[in-house]
Amino acid sequence: MTGTEEMAKRLYEACLSGSVKTLKALIGEDPLVLDRVSSIECFSSDTPLHVAALRGHLEFTKDLLSRKRTLAVELDSRRCTPLHLASTEGHFKIVHELLRVNTDVCIARDQDGRTPLHLAVMKGRVEVIRELLGAKPCSVYDKLGRGETVLHLSVKYNRLEALKTLVKYLQSKKMESDLLNSRDDDGNTILHLAAAFKQVETIEYLLGLKSVKDHANDKNQNGSTALDVVEYCPNRDLKTMEIREFLLQAGVRRSVSESPPDNPPPRHGCKPREIFMGCISWFWTRFKVDRDWLKEVRGHLITASTLTATMAYQSIMSPPGGFWQDKSPSSADLLAKSPSSDEPPHEAGIAIMDSYSGYEVYLSLNTIVLGASLSTIMLAMTGFPMKNKFLTWLLVFTVYVKITCMAAAYVVAVGLVTDIQFPSRVLYGLVLGWMGLCAFVMVLHSCHFWVWLMKKLVKLVQVCCKPTRSATPKNSTSEDNQAAGSHKCMGSFC
């Protein structure tokens, strides 16, 4: 091994490890070592800055740029600059240093026509996206070969946070109307793509944007709106129904409206099945549960449950009527004292209402309240994910059991301490109405939970029953070959 090859190997190892000390020592031995890297075999077409940017060595990158700034615009065999590599890996601090040297690299394209912003969006690197947009705002308009913008890529690769970052930037620059409704070469907007990929959260976010909602009925080259894309989907599942309802509520229509015939046949009323399905659709769309409610009220639930647990505990320690303070006299003493006395036998420290039939119900209801309150506190403090449907439903169930039993215990306590009938009847009616309202809300949450559970079971059955394909048939059709080749390799960024 010659001296040049030995030095090249040491330089390459320094780039991999990010050792600034080794780099300085090598430059001390040969000040032109960075200029010879193009002829060094171990680097191939990469430069030391490519390797350092890919590995995320910030200090090493700074030292290289201070010695040779032109390394920032060098290309490798895939026509990638160091900024392409750092953007792909999400090293936003290195991206910042590279942009301080030259901002024009933001619009450099690799062999597939992608800029660093395209790669950052495809990988969902939010911090890198902000750096690139701040350095070169015009890069947001760069499109790929099929006319795809960075917004199309964010939907195609399901990068919702990247999409939100781009939209906020466009709104701050008053440019959202230009790009949010832009089309690719097939005439698809980002709403078409989100509908095709069944991205519920993305569609919900896009329909909340006025500029997207105003153009929600735009058609692609096939003459299809986003609603047509959903309805023509071969796999009709509950997610498809949910997206369809979102689009219909936003005013999205089919591409061709069905006009009634000149002489329509007389209708004798809707079928019971149509009425039933219509009622379910109306109920499902009007009473949809908010996804983020638990995040907002989690702390309040813990506080409220602590208070209800304290109330349930205190209601046992201080029952209606209090406790007996003395022991009941014997039968002889009781007759001698007052032959007509109807004071029941008792022990000191026992609740006075213990002999009444409703007191057992009162104790049971308060015990349920205490148990449900402690369960709510435990569930809210376990730190389970906010989107866990089962635990969310269980938390809702404990809350409604708790408040219902509190209301029932109050009515029982009123019946124990008073003989007035009319207020008791009114209270019974109010509590029954309250229980009906709680039951309605509980049924609402339960419906969404059971629908989610059925979707999971259906997916599980589909996975278990899906036949395995051991080999590709020799006589495969062109459609099969096209489906197999639908994934295009992205080089080292795949």
What verdict does the side-chain hydrogen bond (donor to acceptor under 3.5 Å, both in side chains) test give for Asp63 and Ser66, after you've listed the backbone C-alpha separation in whole Å, the side-chain angles of each residue and the deciding distance to 0.1 Å?
CA-CA 5 Å; Asp63 195 88; Ser66 65; 4.5 Å; no
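Under a 4.0 Å N-O distance rule, the pair Arg146/Asp186 qualifies as a salt bridge.
The salt bridge (charged side-chain N to carboxylate O under 4.0 Å, His left out) test applied to Asp184 returns no partner, not counting sequence neighbours. Residues passing the side-chain contact (heavy atoms from CB on, under 4.5 Å) test with Val73 are Asn102, Val105, sequence neighbours excluded. Under the rule for a side-chain contact (heavy atoms from CB on, under 4.5 Å), the partners of Lys164 that lie at least two apart in sequence or sit in another chain are Leu160, Glu161, Tyr205. In this structure, Asp185 has no salt bridge (charged side-chain N to carboxylate O under 4.0 Å, His left out) partners at least two apart in sequence or on a different chain. Every side-chain contact (heavy atoms from CB on, under 4.5 Å) that Ser19 has, sequence neighbours left out, goes to Ser17, Lys21, Thr22. Applying the salt bridge (charged side-chain N to carboxylate O under 4.0 Å, His left out) criterion to Arg100, with sequence neighbours excluded, gives Glu97. Residues passing the side-chain hydrogen bond (donor to acceptor under 3.5 Å, both in side chains) test with Ser224: none are found, sequence neighbours excluded. Applying the side-chain contact (heavy atoms from CB on, under 4.5 Å) rule to Leu54 yields the partners Leu85, Glu89; only residues at least two apart in sequence or on another chain are considered. When the salt bridge (charged side-chain N to carboxylate O under 4.0 Å, His left out) test is applied to Glu74, no partner is found at least two apart in sequence or on another chain. Under the rule for a side-chain hydrogen bond (donor to acceptor under 3.5 Å, both in side chains), the partners of Gln199 that lie at least two apart in sequence or sit in another chain are Thr202. In terms of the side-chain hydrogen bond (donor to acceptor under 3.5 Å, both in side chains) criterion, Glu13 has no residue partners (sequence neighbours excluded). A search for side-chain hydrogen bond (donor to acceptor under 3.5 Å, both in side chains) contacts involving Thr308 returns Ser373, not counting sequence neighbours.
Taking a 6.0 Å sphere around CZ of Arg109, one finds it holds more than 12 heavy atoms contributed by other residues, nucleotides or ligands.
Taking each heavy atom of Val121 and Ala162 in turn, the nearest pair found is O-CB, 4.3 Å.
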